[in-house]
Protein chains: 2
Amino acid sequence: MHEHNHQICIDQALKRAKQVCLQHGVRLTELREQILRLIWQNHKPLGAYLLMNLLEENSDREHVAPPTVYRTLDFLIEHGLIHKVHSLNAYVGCSSPNQDRCNALFICSVCGETEEIPNNSIQQAINLSASQHKFTVENQMLEIMGKCQPCKQKKASDS
Amino acid sequence: MHEHNHQICIDQALKRAKQVCLQHGVRLTELREQILRLIWQNHKPLGAYLLMNLLEENSDREHVAPPTVYRTLDFLIEHGLIHKVHSLNAYVGCSSPNQDRCNALFICSVCGETEEIPNNSIQQAINLSASQHKFTVENQMLEIMGKCQPCKQKKASDS
DNA sequence: CTAAACTATGTTATATGATAACATAACATC
DNA sequence: GATGTTATGTTATCATATAACATAGTTTAG
């Protein structure tokens with residue numbers, strides 16, 4: 001795990017979520033805030049059913065059913081607060097919700113930690129390729145699996 | 001649909017599959033060939049259960065079970081003959097099986113037609129971004145949803 | 001202030017996608 | 001043709017996601 005202050009991460013994400021909801025004229029309900037918080041407590045993508053269990057453990061809710069979670073995930077995705085990581089069927093906090101399009105997601109295959117990295121030159125290359133093929137982009141996803149620096153070092157020191 | 005000769009497409013894909021299997025020292029069995037053929041009969045990504053049904057309809061097999069299809073899909077993926085389109089949970093023929101990494105997949109949200117477009121500058125941008133973050137890429141997926149040229153034209157003429 | 005409209009959540013059932021575990025068959029090699 | 005290997009069949013089950021409808025909570029207009 002990178003050494004960075006998680007609490008600050010979470011606080012920032014929630015603060016931003018409140019702003020976004022205000023701007024969009026929608027409500028950040030308790031449920032939505034709880035799920036967003038759970039997601040941000042990891043930098044790993046979390047599956048919907050895991051989130052369901054976490055929600056049962058970490059709130060006074062007793063029985064949480066799938067639709068509850070999926071609706072909330074849909075809401076958070078719709079307002080750019082989280083991403084779905086399709087290669088894992090899992091969900092991760094969005095660190096730059098102001099962008100139209102999804103950035104590159106770097107996913108470590110060892111620790112699962114996921115970083116969203118904005119990159120103009122990737123975007124430009126995609127846009128160029130799209131326009132060359134007269135293709136109008138609505139949505140895109142770039143997921144990159146591999147090993148992060150800390151995990152590589154750790155593996156090296158293990159052997 | 002682009003006007004291009006499908007049969008040539010399919011034939012080329014099967015020819016290439018035979019080469020690849022020969023090189024890799026594995027067998028292109030009847031089942032594998034049938035599924036590869038079914039996949040190539042579309043330029044749209046097909047789901048595993050749809051393929052299962054198509055296989056029952058288009059072969060003398062009576063009951064095809066999920067593992068049969070999934071094992072075959074795994075085989076075809078492993079040998080670079082098809083791609084899984086994660087955003088659709090579906091499978092599409094790979095048009096350039098010699099590459100290490102997956103190219104950009106342009107998926108039309110109207111007709112579903114999918115094109116795999118190799119693009120060095122996208123790949124370079126990804127590699128650069130990865131190396132800047134000291135991230136070792138093992139695998140990647142870039143899926144771009146939007147509208148293809150024919151569908152845009154068609155829509156324009158409809159209105 | 002309360003009825004109506006809208007938004008959010010609860011509940012039950014089910015659809016869809018994928019795999020585990022073990023049995024059988026086909027093929028290859030000696 | 002016995003043996004090991006690869007491929008496929010079979011049954012059950014897990015994992016992911018949604019449909020459809022019921023209830024509750026919020027907002028707004030009259």
Side-chain angles (χ1 to χ4, degrees), chain A residues 17-18 20-22 24-36 38-39 44-56 59-79 81-92 112 141 143, chain B residues 17-18 20-36 38-39 44-56 58-79 81-92 112 141 143:
Chain A
K18 276 166 194 157
V20 167
C21 286
L22 209 66
H24 296 194
V26 293
R27 279 185 282 159
L28 188 64
T29 62
E30 196 185 357
L31 178 64
R32 290 166 179 170
E33 186 169 332
Q34 283 171 340
I35 288 189
L36 187 59
L38 286 171
I39 288 175
K44 300 181 219 288
L46 301 179
Y49 279 71
L50 176 55
L51 277 165
M52 207 173 77
N53 295 335
L54 289 173
L55 195 56
E56 283 177 348
S59 74
D60 45 4
R61 295 166 204 278
E62 300 211 341
H63 301 293
V64 180
T68 302
V69 175
Y70 281 104
R71 274 191 296 236
T72 307
L73 291 172
D74 286 346
F75 172 89
L76 295 172
I77 290 169
E78 194 180 340
H79 295 286
L81 298 169
I82 63 171
H83 292 299
K84 173 164 186 179
V85 182
H86 282 83
S87 56
L88 301 173
N89 291 323
Y91 304 84
V92 71
M141 42 179 289
E143 297 174 13
Chain B
K18 277 167 194 158
V20 167
C21 286
L22 209 65
Q23 280 170 17
H24 296 195
V26 293
R27 279 188 281 159
L28 188 64
T29 62
E30 195 184 358
L31 178 65
R32 288 165 181 170
E33 186 170 331
Q34 283 172 340
I35 288 189
L36 187 59
L38 285 171
I39 289 177
K44 301 181 217 291
L46 301 180
Y49 279 69
L50 177 53
L51 276 166
M52 207 172 76
N53 295 335
L54 289 175
L55 195 56
E56 283 176 349
N58 294 280
S59 74
D60 45 3
R61 293 165 205 279
E62 300 212 343
H63 300 294
V64 180
T68 301
V69 174
Y70 281 104
R71 274 191 297 236
T72 307
L73 291 172
D74 286 346
F75 173 88
L76 295 172
I77 290 169
E78 194 180 338
H79 295 285
L81 298 170
I82 63 171
H83 293 299
K84 174 166 186 179
V85 182
H86 282 83
S87 55
L88 301 173
N89 293 322
Y91 304 83
V92 72
M141 44 177 286
E143 296 174 12

Could you tell me the separation between the OH atom of B:Y49 and the P atom of C:dT19, rounded to a whole number of Å? 10 Å
Is there side-chain contact between A:F75 and A:V26, with heavy atoms separated by less than 4.5 Å? yes
Sole candidate of B:I82, B:T29, B:L55, B:T68 that passes side chain to side chain contact (heavy atoms under 4.5 Å, CB included) when paired with B:I35: B:L55
In this structure, how many angstroms lie between the C1' atom of C:dA18 and the CG atom of A:L88, rounded? 15 Å
When you measure from the side-chain N and O atoms of B:K84 to the phosphate of C:dG17, is any distance below 4.0 Å, counting only OP1 and OP2? no
Does B:R32 reach the main-chain N or O of B:R27 with its side chain, forming a donor-acceptor pair under 3.5 Å? yes
On DNA chain C, more 5' by nearest nucleotide between B:L50 and A:V64 is A:V64
Separation of C:dA18 C1' from B:I77 CD1 (nearest whole Å): 12 Å
With a 4.5 Å heavy-atom cut-off, do A:T72 and A:L51 have their side chains touching? no
Does some side-chain heavy atom of B:K84 sit less than 4.5 Å from a side-chain heavy atom of B:N89? yes
Round to the nearest Å and state the distance from B:M52 atom CE to C:dA15 atom P. 14 Å
What do the steps show when you test A:L73 against A:I39 for side-chain contact (heavy atoms from CB on, under 4.5 Å), and what is the final call? CA-CA 10 Å; A:L73 291 172; A:I39 288 175; 3.9 Å; yes
Within the 4.0 Å limit for protein heavy atoms, which parts of nucleotides 4-9 of chain C are touched? Write it as a string from 5' to 3', B for base, S for sugar-phosphate only, - for none. ---SSB
No-hydrogen, no-angle side-chain donor-acceptor test under 3.5 Å, B:S87 and B:E143: yes
For the pair A:H79 and A:H24, name the ring-plane relationship: parallel under 30°, tilted 30 to 60°, perpendicular over 60°. tilted
For DNA chain D, note the earliest and the latest nucleotide, 5' to 3', having some atom under 4.0 Å of a heavy atom belonging to chain A. D:dT16 to D:dT26
By nearest heavy atom, map B:P66 and A:A48 onto DNA chain D; which one lands nearer the 5' end? B:P66
